[in-house]
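Only one structure is covered here, and it is reproduced in the block below.
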Amino acid sequence: MKKLLVVSSAPASLVDGKPHLDVKYCEGMKYYAEAWNGPVSSSLQLRNEAVPFGRTVDPADLPFALHLRQPGERMDRAFLESFDVILCSGDNHRYLDLAERCANTRTKLVYIIEYTPQTRRQIIFLDPRASIFAKLYSLAWTHRQERRRRRAFRRCDGLQANGYPAMEVYRRVNANTILYLDNRITSALVATEAEIAAREAHIRSGKPIRILHSGRLEPLKGAQDLVPIARRLLERGVNFELDIFGTGSLAAGIRREIDATGLSSRVRLHDPVDFETGLVPFARTRADIFLSCHRQSDPSCTYLESMGCGLPIAGYANEMWKGLREASDAGWTVPLGDWKARADQLHDIALRREEIVDKAAKAVSFASAHLFEQEFQRRIDHLQALVA
């Protein structure tokens, strides 16, 4: 039986001598253990700080073997060569040396890649806390790491590109590159026919268009545009409601803006809720359109997850949403960062309600063809083909 090692960047620490691991990491590793035809192990580097959303575990209770490394400790060659396939993050520069270390061995190495050079530059420039000198330093450092990354990708045995931008950039670097669309929507979470019919009836009734936004309320995510968009919709006479779920550095300011601009009867700011038991049911039954102000081109899960709930996306034309919209026809785009255009297009959309119904149908149809189970199995098949 072939042995798989997943090298993860997830946080880990020790509490009273026992591993304290990120909850989502443990849940994700269970999928690998269930899908892989053979033993599965995972290697994590310990940190001195606490794990924010973690729990203490007994390694004997985990469905995979856990390998913990001290801070700065490298995996030795004998350890690496004891596995048939290694899967690890290509976004993490600390693991780019694995391509050279696994070369000319029996071990197959596959990297996962999400961020493109453009996305990394966007993150640097959109950081409000960094000075111009810090940004220039970060740009130079990022450029050096990208050269290392491409060398590693040319030497490894395969790439798994999360999202259209990463696929477009790196498929030219490694011929064995596959595309996947990461998301948390399973077949059990997709909008039902009854919910879709109820939404269509609401949209056609002339009642307020129900707009939803969820995510971190940070400048990097464009959250500063939410209230200006709502204010312009109100000025233009759009009958709408906006529900915002999330928290972050802009949360308090957004709440003040809602109250100061007289939007409290239409715009509601909610604390974060559980994805499966809170956000998904709300999206499936109490929303018509998902509003995205995302400026970065990273492969946000939110797009496909909202589409799976039956919501078309009104977003900026970043490289990810632009590619996904072209593939699905499940929403609308405006130029990057143009919040006035975003509001004006929503105004026009509200006058074309059958178009919302049509885009919603395309959204759930596309998402249903890219559920978590299907996307994850495609990745497992890609790995297993290397050792068949």
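The figures here come from the full heavy-atom set of this structure, side chains too, leaving out hydrogens, waters and symmetry mates.
Residues meeting the salt bridge (charged side-chain N to carboxylate O under 4.0 Å, His left out) test with Glu114, sequence neighbours left out: none. Checked against ring pair (Phe, Tyr, Trp, His ring centres under 6.0 Å), Phe79 has the following partners two or more places apart in sequence or in another chain: His67, Phe83. Shown here are the salt bridge (charged side-chain N to carboxylate O under 4.0 Å, His left out) partners of Arg379, two or more places apart in sequence or in another chain: there are none. Not counting sequence neighbours, the partners of Glu168 by the salt bridge (charged side-chain N to carboxylate O under 4.0 Å, His left out) test are Arg171, Arg172. Scanning for salt bridge (charged side-chain N to carboxylate O under 4.0 Å, His left out) contacts around Arg144 gives an empty result, with sequence neighbours left out. Not counting sequence neighbours, Tyr316 has no partner by the ring pair (Phe, Tyr, Trp, His ring centres under 6.0 Å) test. Residues satisfying the ring pair (Phe, Tyr, Trp, His ring centres under 6.0 Å) test with Tyr115, not counting sequence neighbours, are none. Under the ring pair (Phe, Tyr, Trp, His ring centres under 6.0 Å) criterion, His143 pairs with no residue, sequence neighbours left out.
Using a 4.5 Å heavy-atom threshold, the side chains of Pro219 and Leu250 count as touching. Looking at heavy atoms from C-beta onward, Gln122 lies in side-chain contact with Leu336 at the 4.5 angstrom threshold. Looking at His382 and Val110, their side chains come closer than 4.5 Å, going by heavy atoms from C-beta outward. Looking only at side-chain heavy atoms (C-beta outward), His213 and Leu226 come within less than 4.5 Å of each other. Residues Arg204 and Glu354 form a side-chain contact, since some pair of their non-hydrogen atoms from C-beta on lies under 4.5 Å apart. Inter-residue side-chain proximity for His202 and Arg353 is flagged as unmet; no heavy-atom pair is nearer than 4.5 Å. Put simply, the side chain of Glu257 reaches to within 4.5 Å of the side chain of Arg231, judged on heavy atoms. The closest side-chain heavy-atom distance from Pro312 to Met307 is not below 4.5 Å.
No side-chain donor-acceptor contact under 3.5 Å links Glu355 to the backbone of Arg352. Checking side-chain atoms of Asp84 against main-chain N and O of Lys3 turns up a donor-acceptor pair under 3.5 Å. Of the possible donor and acceptor atoms, one in the side chain of Ser297 sits under 3.5 Å from a partner among the backbone N and O of Glu319. In this structure, the side chain of Gln45 engages the main chain of Gly72 through a donor-acceptor pair within 3.5 Å. Here the side chain of Asn183 pairs a donor or acceptor atom with the backbone of His370 at under 3.5 angstrom. Side chain of Gln345 to main chain of Thr333: a donor-acceptor pair is present (N/O by atom type, distance under 3.5 Å, no hydrogens or angles). Within the 3.5 Å criterion, the main-chain N or O of Gln70 finds a donor-acceptor partner in the side chain of Glu73. The closest donor-acceptor contact from the side chain of Tyr111 to the backbone of Tyr95 lies under 3.5 Å.
Under a hydrophobic clustering in which Ile, Leu, Val, Met, Phe, Trp and Tyr are joined whenever their side-chain heavy atoms come within less than 4.5 Å, directly or via other members, Ile211 and Ile258 fall into the same cluster. Transitive grouping of hydrophobic side chains (ILVMFWY, heavy atoms separated by less than 4.5 Å) brings Ile185 and Met320 into a common cluster. A chain of hydrophobic side-chain contacts below 4.5 Å, direct or via other Ile, Leu, Val, Met, Phe, Trp or Tyr residues, connects Trp332 to Leu233. Residues Tyr31 and Ile380 fall within the same hydrophobic cluster, defined by Ile, Leu, Val, Met, Phe, Trp and Tyr side chains chained together at heavy-atom separations under 4.5 Å. By the rule that hydrophobic residues join a cluster once side-chain heavy atoms approach within less than 4.5 Å of another member, Leu87 and Met167 end up as members of separate clusters.
Under the 6.0 Å cut-off for aromatic ring centres, Tyr180 and Phe376 do not qualify, their centroids lying 6.0 Å or more apart. Checked against a 6.0 Å centroid threshold, the rings of Phe64 and Tyr32 do not count as neighbours.
Between Ala314 and Leu346, the shortest heavy-atom contact is CB-CD2, 3.9 Å.
Residues Arg216 and Thr247 bring no donor and acceptor atom of their side chains to less than 3.5 Å of each other. With no hydrogens or angles considered, no side-chain donor-acceptor pair links Trp339 and Gln224 at under 3.5 Å. Between the side chains of His93 and Gln145, not a single donor N or O lies within less than 3.5 Å of an accepting N or O. Of the N and O atoms on the side chains of Glu81 and Thr107, not one donor lies less than 3.5 Å from an acceptor on the other residue.
Contact check on Arg378 versus Glu375 returns a salt bridge, with a Lys/Arg side-chain nitrogen under 4.0 Å from an Asp/Glu carboxylate oxygen. Note on Arg232 versus Asp344: salt bridge recorded, some NZ/NE/NH1/NH2 to OD/OE distance being below 4.0 Å. At a threshold of 4.0 Å, the pair Arg266-Asp243 does not count as salt-bridged, since none of the basic side-chain nitrogens sits closer than that to a carboxylate oxygen.
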Residues 274-293, side-chain donor-acceptor partners within the protein, below 3.5 Å, at least two apart:
from, atom 1, to, atom 2, distance (Å)
Asp274, OD2, Glu276, N, 3.2
Asp274, OD2, Thr277, N, 2.9
Asp274, OD2, Thr277, OG1, 2.8
Arg284, NE, Glu195, OE1, 2.8
Arg284, NE, Glu195, OE2, 3.3
Arg284, NH1, Leu189, O, 2.9
Arg284, NH2, Glu195, OE1, 3.2
Arg284, NH2, Glu195, OE2, 3.1
Thr285, OG1, Pro281, O, 2.7
Asp288, OD1, Arg210, NE, 3.3
Asp288, OD1, Arg210, NH2, 2.9
Asp288, OD2, Arg210, N, 2.8
Asp288, OD2, Arg210, NE, 3.1
Ser292, OG, His294, N, 3.4

Donor-acceptor pairs are to be reported for all side-chain atoms of residues 5-19 against protein atoms at under 3.5 Å, with residues two or more places apart or in another chain.
from, atom 1, to, atom 2, distance (Å)
Ser8, OG, Ala10, N, 3.0
Ser9, OG, Asn92, ND2, 2.7

Side-chain donor-acceptor contacts of residues 358-366 below 3.5 Å, not counting sequence neighbours, with atom names and distances?
from, atom 1, to, atom 2, distance (Å)
Asp358, OD2, Lys362, NZ, 3.3
Lys359, NZ, Asp329, OD1, 2.6
Lys362, NZ, Asp329, OD2, 2.5

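Separation of atoms CG (Leu68) and CG (Leu46) is listed at 5.0 Å; rounding is to 0.5 Å. Within the model, atoms CG of Asp91 and OG1 of Thr116 stand 9.5 Å from one another, a figure rounded to the nearest 0.5 Å. Taken to the nearest 0.5 Å, the CG atom of Leu386 stands 6.0 Å off from the CG atom of Asn176. Distance check: Ser89 OG to Gln160 CD gives 11.5 Å after rounding to the nearest 0.5 Å. With values rounded to the nearest 0.5 angstrom, Phe125 atom CZ is found 4.5 Å from Leu139 atom CG.
Counting non-hydrogen atoms of other residues, nucleotides and ligands closer than 6.0 Å to CD of Gln377 gives a total above 12.
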>> Test side-chain hydrogen bond (donor to acceptor under 3.5 Å, both in side chains) on Thr186 and Glu373; report intermediate values, then the result.
In response: CA-CA 6 Å; Thr186 63; Glu373 300 100 324; 4.5 Å; no

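Within the structure, the salt bridge (Lys or Arg N to Asp or Glu O under 4.0 Å) test picks out the following pairs touching residues 148-163 (sequence neighbours left out): Glu146-Arg149, Glu146-Arg150.
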